[in-house]
Novice: 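Mind looking over this structure? Questions follow.
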Amino acid sequence: MFTGLARQFSNCTSYEFELLAYGVVGDMAYTAGLEHTSTSVDGEPRSYVLRATQIYRREDGEWKVAHRHGDTVTG
């Protein structure tokens, strides 16, 4: 699945993460925000915003993504 997605995307001209909320409790953390992206999808320029949430866990002193969810912002 990821290989197919990688073939669709190219020429990322801008990316910005707008942090809306975050929290840390022990070895768990989360971020929630908006991803503003300009790229090409199947060769066509496109700009979009994703609402993105990531959950992290600390393993051996390093933060790693344990889960990610993103969906498009409409309206």
Side-chain angles (χ1 to χ4, degrees):
M1 179 175 92
F2 290 112
T3 302
L5 279 172
R7 281 192 286 262
Q8 291 180 300
F9 287 82
S10 64
N11 196 31
C12 180
T13 57
S14 69
Y15 172 86
E16 177 187 346
F17 183 72
E18 181 183 346
L19 182 65
L20 299 177
Y22 67 93
V24 179
V25 177
D27 289 334
M28 299 292 292
Y30 77 93
T31 57
L34 301 174
E35 294 180 341
H36 303 267
T37 306
S38 293
T39 190
S40 291
V41 180
D42 293 327
E44 296 293 322
R46 185 170 165 212
S47 294
Y48 56 88
V49 178
L50 292 180
R51 191 174 22 229
T53 303
Q54 294 196 152
I55 307 298
Y56 308 86
R57 69 175 165 238
R58 190 170 16 215
E59 295 178 1
D60 300 321
E62 295 183 5
W63 288 102
K64 299 187 178 183
V65 175
H67 177 76
R68 173 186 162 75
H69 174 78
D71 62 333
T72 55
V73 175
T74 58

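Just so you know, these numbers use all the heavy atoms, side chains as well, and skip hydrogens, waters and symmetry mates.
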Novice: Kindly compute the distance separating OH (Tyr30) from OH (Tyr22), expressed to the nearest 0.5 Å.
Specialist: 9.0 Å
Novice: Which atom names give the shortest non-hydrogen contact between Leu50 and Arg68, and what distance separates them?
Specialist: CD1-NH2, 4.1 Å
Novice: Please check if Ile55 and Val25 belong to a single hydrophobic cluster, counting links between Ile, Leu, Val, Met, Phe, Trp and Tyr side chain heavy atoms closer than 4.5 Å.
Specialist: no
Novice: When clusters are formed by joining ILVMFWY residues with side-chain heavy atoms under 4.5 Å apart, either directly or through shared neighbours, do Phe9 and Met1 land in the same one?
Specialist: yes
Novice: In terms of hydrophobic clusters joined by side-chain contacts under 4.5 Å, are Val49 and Leu20 together?
Specialist: yes
Novice: Write down the atom of Glu35, the atom of Phe17, and the distance for their closest heavy-atom approach.
Specialist: CG-CD1, 3.7 Å
Novice: With a 4.0 Å cut-off on N to O distance, would you call Arg57 and Glu59 a salt bridge?
Specialist: yes
Novice: Spell out, as yes or no, whether a donor-acceptor pair under 3.5 Å connects the side chain of Arg58 to the backbone of Ala29.
Specialist: no
Novice: Check Asp27 against Trp63 and note the closest heavy-atom contact, atom names and distance.
Specialist: O-CZ3, 3.5 Å
Novice: To check you understand the geometry: which heavy-atom pair defines the closest contact between Thr72 and Arg51, and what is its length?
Specialist: O-NH2, 3.6 Å
Novice: Run the side-chain contact (heavy atoms from CB on, under 4.5 Å) test on Tyr48 and Thr39 for me, step by step, so that the C-alpha distance in whole Å, both residues' side-chain angles and the decisive distance to 0.1 Å come before the verdict.
Specialist: CA-CA 9 Å; Tyr48 56 88; Thr39 190; 3.8 Å; yes
Novice: Hey, any chance Val24 and Tyr56 share a hydrophobic cluster, counting ILVMFWY side chains that come within less than 4.5 Å of each other, even indirectly?
Specialist: yes
Novice: How close do Leu19 and Thr31 get, heavy atom to heavy atom, and via which atoms?
Specialist: CD1-CB, 4.0 Å
